[in-house]
Amino acid sequence: MRFLTAGESHGPELTAIIEGVPSQIPLTKEDINEHLARRQKGYGRGRRMQIETDQVTITSGVRHGKTTGAPITLHIENKDWKHWQKVMGPEPISEEEEKDVKRQIARPRPGHADLNGALKYRHRDMRNVLERSSARETTARVAVGAVAQVILRQFGIDVAGHVLEIGNIKSSVESADSAASIKEKTEQSEVRCLDTNAEEKMKQAIDDAKKDGDSIGGVVEVLADHVPPGLGSHVHYDRKLDAKIAQAVLSINAFKGVEIGIGFEAARLNGSRVHDEIAYDEAAGYYRKSNRLGGFEGGMTTGMPVVVHGAMKPIPTLYKPLQSVDIETKEPFSASIERSDCCAVPAAAVVCEAAVAWEIANEFLEKFGADTLPDIKKHYEMYLDEVRSF
Ligand code: EPS
């Protein structure tokens with residue numbers, strides 16, 4: 001499969017086109033809307049989320065509740081667009097209009113794409129950069145990930161994300177035991193966290209940062225279970241699934257780090273305390289006695305749960321001014337902004353879940369792929385039988 005997303009933060013809509021989804025898979029807009037709503041929630045979000053109620057419209061590739069095998073097009077409207085039609089419209093405008101209409105941006109925010117994008121694409125108006133680099137785009141990523149989760153669900157594979165840390169507050173639950181338990185326990189949590197004590201402290205940390213005009217980041221975990229062994233490949237660098245997941249996670253706005261399993265901790269321990277011992281059981285087949293390597297060896301899944309951690313930096317749009325340079329005057333300035341999220345880590349757990357789900361679903365279809373769901377199921381069941389008795 002492959003996908004493209006398009007759309008600006010204050011443009012009319014976000015669009016995604018997914019190509020390569022097999023036919024006969026039951027898919028409705030509710031399957032996607034559920035995840036869009038999860039992404040919008042979270043303590044620490046700003047006023048924009050009160051404007052938007054993200055809902056998908058499916059305009060191709062699905063007929064009477066089932067995929068047809070044709071490209072699937074997803075649209076999500078930006079309700080805020082009605083306030084931005086003149087500023088963001090595609091029609092040419094006159095020079096006189098430009099001053100009133102354009103809301104030109106000449107002051108790059110430290111930590112954002114503003115300045116690098118302006119230099120690269122020669123935009124004197126950095127709005128041309130920030131509109132696309134905005135994390136609003138993660139709405140489309142979540143919609144695409146929702147389709148991936150629908151595919152995976154057909155094979156009993158479940159993926160869920162939750163929050164491990166916000167600011168310096170850590171959840172006492174270091175690693176969740178199943179995707180189902182994450183879903184069951186975190187849906188009501190305002191910070192998408194399994195530890196209710198830590199939740200209160202995280203909310204306090206967000207309040208403190210907000211009061212200070214600051215922002216805070218955190219760490220999320222995504223767990224995927226019932227993933228079969230052998231997804232990905234050891235034979236070439238760009239076929240290693242753990243590497244693909246790392247790329248997908250680091251591509252999420254503001255993500256600066258990724259770990260598979262115990263990640264960096266593995267560098268500090270002896271080998272005997274890192275590698276997971278192999279065992280065999282007639283009913284279950286081969287399994288590992290522990291899962292420190294997070295479900296991966298040699299770029300391939302082991303059949304143990306896939307465990308991914310992602311680190312999100314604090315959102316760089318700050319009320320507390322940081323110093324920068326005006327590109328028109330070249331003078332230093334320190335400016336505050338009008339509107340931002342103080343913390344989007346709970347939402348980022350949903351985005352990270354979507355990114356991991358997409359990579360696993362894609363690799364799953366690479367291995368068991370066919371044009372239609374019943375054929376993939378046959379192929380998959382045959383493989384499971386074979387690896388159990390191998
Ligand atoms: C964002 C800035 C804010 C966030 C936005 C990401 O939007 P605005 O500039 O309209 O206030 O709310 O996130 C979303 C819109 C979203 O859907 O997550 C940014 O600069 O990245």
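Bear in mind the structure is a predicted one, so any value in this text is a computation, not a measurement.
- No hydrogens or angles considered: nothing links the side chains of Thr5 and Arg141 as a donor-acceptor pair under 3.5 Å.
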task = For side chain to side chain donor-acceptor pair (under 3.5 Å), just list the numbers for Arg109 and Thr317, CA-CA rounded to whole Å, side-chain angles, deciding distance to a tenth of an Å, and then say yes or no.
result = CA-CA 7 Å; Arg109 298 160 299 172; Thr317 309; 3.1 Å; yes
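- The local environment of CG in Asp281 is crowded, with over 12 non-hydrogen atoms from other residues, nucleotides or ligands closer than 6.0 Å.
- For the atom pair OG1 (Thr372) and NZ (Lys378), the distance works out to 9.5 Å, reported to the nearest 0.5 Å.
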request  = Apply salt bridge (charged side-chain N to carboxylate O under 4.0 Å, His left out) to Arg292 and Glu265, showing your working.
outcome  = CA-CA 10 Å; Arg292 289 183 287 252; Glu265 190 57 23; over 6 Å; no
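- Proximity of a side-chain donor or acceptor of Thr186 to a complementary backbone N or O of Ile182 within less than 3.5 Å is detected.
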key: Full working for side-chain contact (heavy atoms from CB on, under 4.5 Å) between Arg239 and His234   = CA-CA 7 Å; Arg239 293 183 58 193; His234 64 290; over 6 Å; no
message = What verdict does the side-chain contact (heavy atoms from CB on, under 4.5 Å) test give for Val306 and Val308, after you've listed the backbone C-alpha separation in whole Å, the side-chain angles of each residue and the deciding distance to 0.1 Å?
response = CA-CA 7 Å; Val306 166; Val308 180; 3.9 Å; yes
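- At least one donor-acceptor pair closer than 3.5 Å links the side chain of Asp341 to the backbone N or O of Gly46.
- Under 4.0 Å is where a charged nitrogen must lie from a carboxylate oxygen, and between Glu190 and Lys41 no such pair does.
- Side-chain contact between Ile72 and Thr67 is present, with heavy atoms from C-beta onward closer than 4.5 Å.
- Residue Leu293 is not grouped with residue Tyr286 when hydrophobic side chains (ILVMFWY) are merged at heavy-atom distances under 4.5 angstrom, including chains of intermediate members.
- Around CD of Glu277, the count of heavy atoms belonging to other residues, nucleotides or ligands within 6.0 Å does not exceed 12.
- For the 3.5 Å distance criterion, the side chains of Ser9 and Arg48 qualify, holding a donor opposite an acceptor.
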request  = Start with the C-alpha distance between Thr57 and Gln55, add both sets of side-chain angles, then the distance that settles side chain to side chain donor-acceptor pair (under 3.5 Å), and finish with yes or no.
outcome  = CA-CA 7 Å; Thr57 307; Gln55 300 270 304; over 6 Å; no
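- A distance of 5.5 Å separates CD1 in Ile216 from SG in Cys342, rounded to the nearest 0.5 Å.
- In the hydrophobic clustering of ILVMFWY residues, with side-chain heavy atoms under 4.5 Å counting as a link, Ile245 and Leu250 come out together.
- Annotation: the span from Leu36 atom CG to Glu52 atom CD amounts to 11.5 Å, rounded to 0.5 Å.
- Residues Ile376 and Phe155 have side chains in contact (heavy-atom distance under 4.5 Å, counting atoms from C-beta outward).
- Looking only at distances, no side-chain donor or acceptor of Glu328 sits under 3.5 Å from a matching main-chain atom of Ala106.
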inquiry  = Please evaluate residues His112 and Ser133 with respect to the criterion side chain to side chain donor-acceptor pair (under 3.5 Å), reporting the C-alpha separation (whole Å), side-chain torsions for both, the decisive distance (0.1 Å), and the verdict.
reply    = CA-CA 8 Å; His112 260 280; Ser133 69; 4.7 Å; no
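- Ion pairing of Lys289 with Asp276 is absent here, as no side-chain N (NZ or NE/NH1/NH2) approaches a carboxylate O to less than 4.0 Å.
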task = Take Glu187 and Arg192 through the salt bridge (charged side-chain N to carboxylate O under 4.0 Å, His left out) test and state the conclusion after the steps.
result = CA-CA 6 Å; Glu187 223 47 63; Arg192 205 165 279 287; 3.0 Å; yes
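- A salt bridge does not link Glu34 to Arg38: none of the charged nitrogens lies less than 4.0 Å from a carboxylate oxygen.
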message = Set out, in order, the CA-CA distance, both residues' side-chain angles and the distance that settles salt bridge (charged side-chain N to carboxylate O under 4.0 Å, His left out) for Asp207 and Lys210, then state yes or no.
response = CA-CA 5 Å; Asp207 287 343; Lys210 198 171 179 180; over 6 Å; no
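- Put simply, the side chain of Lys82 never gets that close to the backbone of Pro12: no donor and acceptor are under 3.5 Å apart.
- Using a distance-only test at 3.5 Å, with no hydrogens or angles considered, a donor-acceptor pair links the side chain of Asn78 to the main chain of Gly11.
- Rounding to the nearest 0.5 Å places SG of Cys193 at 12.5 Å from NZ of Lys170.
- Both Val356 and Phe296 are members of a single hydrophobic cluster when ILVMFWY side chains are connected at heavy-atom separations under 4.5 Å.
- Side-chain contact check for Thr301 versus Pro228: every heavy-atom pair is 4.5 Å or farther apart.
- Using a 4.5 Å cut-off on side-chain heavy atoms (C-beta onward), Leu373 and Pro22 make no contact.
- The number of heavy-atom neighbours closer than 6.0 Å to CG of Asp385, taken from other residues, nucleotides and ligands shown, is above 12.
- A side-chain donor-acceptor contact under 3.5 Å links Asp125 to the backbone of Ile105.
- A ring-centre distance under 6.0 Å is found for Phe364 and Tyr380.
- Of the N and O atoms on the side chains of Asp225 and Ser178, not one donor lies less than 3.5 Å from an acceptor on the other residue.
- Side-chain atoms of Asn362 and Glu366 include no donor-acceptor pair closer than 3.5 Å.
- For the residue pair Val307 and Glu221, the shortest heavy atom distance occurs at CG1-OE2, 3.5 Å.
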key: Criterion side-chain contact (heavy atoms from CB on, under 4.5 Å) on His10 and Arg127, from CA distance to verdict   = CA-CA 10 Å; His10 304 101; Arg127 180 164 298 287; 4.3 Å; yes
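- One finds the CD1 atom of Ile315 at 6.5 Å from the OG atom of Ser215 (value rounded to the nearest 0.5 Å).
- Here the closest non-hydrogen pair linking Trp358 and Met1 is CH2-CB, 3.5 Å.
- Residues Glu199 and Ser189 bring a donor and an acceptor atom of their side chains to less than 3.5 Å of each other.
- Side-chain N/O atoms of Lys377 and Gln154 include a donor and acceptor closer than 3.5 Å.
- Contact between Glu297 and Arg288 at its shortest, heavy atoms only, is OE1-NH2, 2.9 Å.
- No salt bridge links Glu8 with Arg136; every basic N to acidic carboxylate O contact stays at or beyond 4.0 Å.
- Judged purely by atom type and a 3.5 angstrom limit, Asp212 has no side-chain atom pairing as donor or acceptor with the backbone of Asp214.
- Between Arg2 and Glu19 a salt bridge is recorded (basic side-chain N to carboxylate O distance below 4.0 Å).
- Counting non-hydrogen atoms of other residues, nucleotides and ligands closer than 6.0 Å to CG of Asp238 gives a total above 12.
- Residues Ile157 and Met300 fall into different hydrophobic clusters, defined by Ile, Leu, Val, Met, Phe, Trp and Tyr side chains chained together at heavy-atom separations under 4.5 Å.
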message = For Ser23 and Arg63: C-alpha separation, side-chain torsions, deciding distance, then whether side chain to side chain donor-acceptor pair (under 3.5 Å) applies.
response = CA-CA 10 Å; Ser23 72; Arg63 185 160 175 249; over 6 Å; no
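- A side-chain donor-acceptor contact under 3.5 Å links Glu353 to the backbone of Gly161.
- In this structure, Lys201 NZ and Ile206 CD1 are separated by 14.5 Å, a value rounded to the nearest 0.5 Å.
- Nearest heavy-atom pair, Asp195 versus Asn197, reported as atom, atom and distance to 0.1 Å: OD1-N, 2.9 Å.
- Val222 and Val258 fall within a single hydrophobic cluster, where Ile, Leu, Val, Met, Phe, Trp and Tyr side chains are chained together by heavy-atom contacts under 4.5 Å.
- A salt bridge is absent between Arg153 and Asp158: the closest approach of a Lys/Arg side-chain nitrogen to an acidic carboxylate oxygen does not fall below 4.0 angstrom.
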